[in-house]
Participant: 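Structure provided below as C-alpha cells; questions to follow.
Position 1 is the first residue of the sequence; numbering continues from there.
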Amino acid sequence: MAVKARTASRSLGAVKPNKKIPSRQSEFNHLAEDIISNINVGIYIVQNRKFVYVSPLFEKLSGYSYADLAGTNPLDYLHPDDREMIRKKAIKLLKGKSSTPYEYRFTRKNGEEFLVLEMITSITYQGDRAALVSFMDITERKQMEEALRQSEEKYRTILENMQEGYFEVDLDGNITFCNNSMCRFLGYSQEEMIGINNRQLTDKKNAEKLFRAFNEVYQTGEPTKEFDWQIIRKDGTKRFIEASISLRKDSTGKSIGFQGITRDVTERKRNEEKILYMATHDTLTGLPNRLMFSQLINHAIQTAQRYQREFAVLFI
C-alpha cells in the first residue's frame, strides 16, 4: 500500500488537480480523506518508530494534535506496564505471525487513561516501509462487558445457592445448565447433567406429560402453573418434583429453550396418597370402603353415558 506525503493540514497527499479534468491521484486523495474522515476508527502511521500521520479522529480520541505527536514514539503514550507487551505483539503482526488485534491502555493529553483496541499492518509510505495502525476506543464496551459479567456472576451465585432446583434446556429438551440443588437431588454432577435429555430422567408416561407441558409453554409463550411428575434419580430411585416452566428467548425475541424451578414434593405426594388411601379403605381390613364404591360407581355411570354402554353392579 503506497500513501503520498502528508501536508500541514494532515492530508495524505497533495497533488493539484486540473480544474477541468481531475487526475486519478487527486481523486484517490479525496477518496482516502473521505474514508478516513467517516470511519469510526482513528488512523495513524508510524515510520522509524515515529508518528508521521494521524487522522482527525485519532486527534479527537487522544486529545493530541499532530503538532504534539509528530516525531514522537507511539509507545510513549501507552501505560508503562503495557509497552513491552504491545511492542512484541506489534512485531508479530508486522511479520505476519499473528492476525489478532491487541488491547492496551492509552494516556490522553489530559492524563486520562482509556482502553484501546488496535490493529497494525505493514505499508509503504513515501517510498519507505511504515506501519498503518487502526485505533479504537473500547472503554465503554469494556465497561458494559464487565457490568454484564458481574450481573451474570451475581445471577449464577443466586442460582447456585438457592434451595430450589433450577434448570435450563434447549428446545429439544437437552439440559444446558442446572444448579447444584438440582444436581444433588438427581444424584448427578453438573458435568454429567449437561446434555442429558429430560426424557431420560423419567418413564414413558411422565415423559409424555412433560412433552405436553413444554409444548403448551412453547405454543402460548405463557409459563406453566406448578405441575408435578415423577423423576428417576441416577441410583434408580424415584422421586416426585413440582416445577414451574417458562420460555427462554434471545435478545431478538426468538425462542431458544426453557427454564424451570423445581422442588422435591415426594413426601407431600406420599402423604397425599396415604390420606387418600385411608379415606377410601377400611382401616382394619384394608378393603375399599363405601366412599371408594361411590367414586367408582359415579365414574362407571359417567363412562357408560359418554360411550352409551351398559354396566351391572353386583352386591354380595
Participant: Passes side-chain hydrogen bond (donor to acceptor under 3.5 Å, both in side chains), Asn174 versus Asn197? Steps please.
Facilitator: CA-CA 4 Å; Asn174 301 309; Asn197 192 282; 3.1 Å; yes
Participant: Salt-bridge test for Glu216 and Arg212: reply yes if a basic N is under 4.0 Å from a carboxylate O, no otherwise.
Facilitator: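 A salt bridge is absent here (no side-chain N lies under 4.0 Å from a carboxylate O).
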Participant: Is it possible for you to say whether Phe177 and Leu186 belong to one hydrophobic cluster, with membership spreading through side-chain heavy-atom contacts below 4.5 Å?
Facilitator: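 Hydrophobic grouping puts Phe177 apart from Leu186.
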Participant: Tell me every residue that passes side-chain hydrogen bond (donor to acceptor under 3.5 Å, both in side chains) with Arg49, counting only those two or more places apart in sequence or in another chain.
Facilitator: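 Not a single residue meets the side-chain hydrogen bond (donor to acceptor under 3.5 Å, both in side chains) criterion with Arg49.
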Participant: Honestly, is Lys89 close enough over Tyr102, meaning NZ or CZ under 6.0 Å from the six-membered ring centre and within 45° of the axis?
Facilitator: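 Checked: cation-pi criterion not met.
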Participant: Is the distance from the ring center of Tyr53 to that of Tyr44 below 6.0 Å?
Facilitator: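 No: the rings miss the under 6.0 Å criterion.
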Participant: Measuring from Ile256:CD1 to Leu171:CG, what's the distance to the nearest 0.5 Å?
Facilitator: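 Going from CD1 on Ile256 over to CG on Leu171, the span is 8.0 Å.
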Participant: According to salt bridge (charged side-chain N to carboxylate O under 4.0 Å, His left out), who are the partners of Glu140, at least two apart in sequence or on a separate chain?
Facilitator: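 Scan of Glu140 (salt bridge (charged side-chain N to carboxylate O under 4.0 Å, His left out), adjacent residues dropped) gives none.
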Participant: With Arg239 as the cation and Phe185 as the aromatic partner, state whether NZ or CZ is under 6.0 Å from the six-membered ring centre and within 45° of the axis.
Facilitator: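 Negative - Arg239 is either too far from the ring of Phe185 or too far off its axis.
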Participant: Look at Lys269 together with Glu242 and state whether they make a salt bridge at an N to O cut-off of under 4.0 Å.
Facilitator: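 Between Glu242 and Lys269 there is no salt bridge, as every charged N stays at least 4.0 Å from the carboxylate O atoms.
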Participant: Quickly, which of Arg108, Lys142, Arg105 forms a salt bridge (charged side-chain N to carboxylate O under 4.0 Å, His left out) with Asp137? Name it, please.
Facilitator: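 Result for salt bridge (charged side-chain N to carboxylate O under 4.0 Å, His left out) with Asp137: Arg108.
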Participant: Is it the case that Arg309 places NZ or CZ above or below the six-membered ring of Tyr307, under 6.0 angstrom from the centre and within 45 degrees of the axis?
Facilitator: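 Positive - Arg309 is close enough to the ring of Tyr307 and near enough to its axis.
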Participant: For the CD1 atom of Ile241 and the OG1 atom of Thr262, what is their distance to the nearest 0.5 Å?
Facilitator: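 It is 5.0 Å, given to the nearest 0.5 Å.
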Participant: Could you state the interatomic distance from CD (Gln219) to CZ (Phe214), rounded to the nearest 0.5 Å?
Facilitator: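 It comes to 14.5 Å.
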Participant: Please round to the nearest 0.5 Å and tell me the distance separating atom CG of Asp203 and atom NZ of Lys209.
Facilitator: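 If I round to the nearest 0.5 Å, the distance is 10.5 Å.
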Participant: Look at Asp235 together with Arg233 and state whether they make a salt bridge at an N to O cut-off of under 4.0 Å.
Facilitator: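 Here Asp235 pairs with Arg233 in a salt bridge, since their nearest N and O are under 4.0 Å apart.
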Participant: Please test Leu78 against Thr107 for side chain to side chain contact (heavy atoms under 4.5 Å, CB included), starting from the C-alpha separation and ending with a verdict.
Facilitator: CA-CA 6 Å; Leu78 277 61; Thr107 305; over 6 Å; no
Participant: Nearest 0.5 angstrom please: Gln259 CD to Thr176 OG1, how far?
Facilitator: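 Answer rounded to 0.5 Å: 9.5 Å.
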Participant: Could you check whether Phe258 and Phe167 have their ring centres less than 6.0 Å apart?
Facilitator: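 Not under 6.0 Å, so no.
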Participant: So among His79, Glu113, Glu118, which one has a side-chain hydrogen bond (donor to acceptor under 3.5 Å, both in side chains) with Tyr104?
Facilitator: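 Of all the options given, the one that passes is Glu118.
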Participant: Go through Phe135 and Phe106 one step at a time and tell me if the ring pair (Phe, Tyr, Trp, His ring centres under 6.0 Å) criterion holds.
Facilitator: CA-CA 10 Å; Phe135 179 95; Phe106 187 94; 5.2 Å; yes
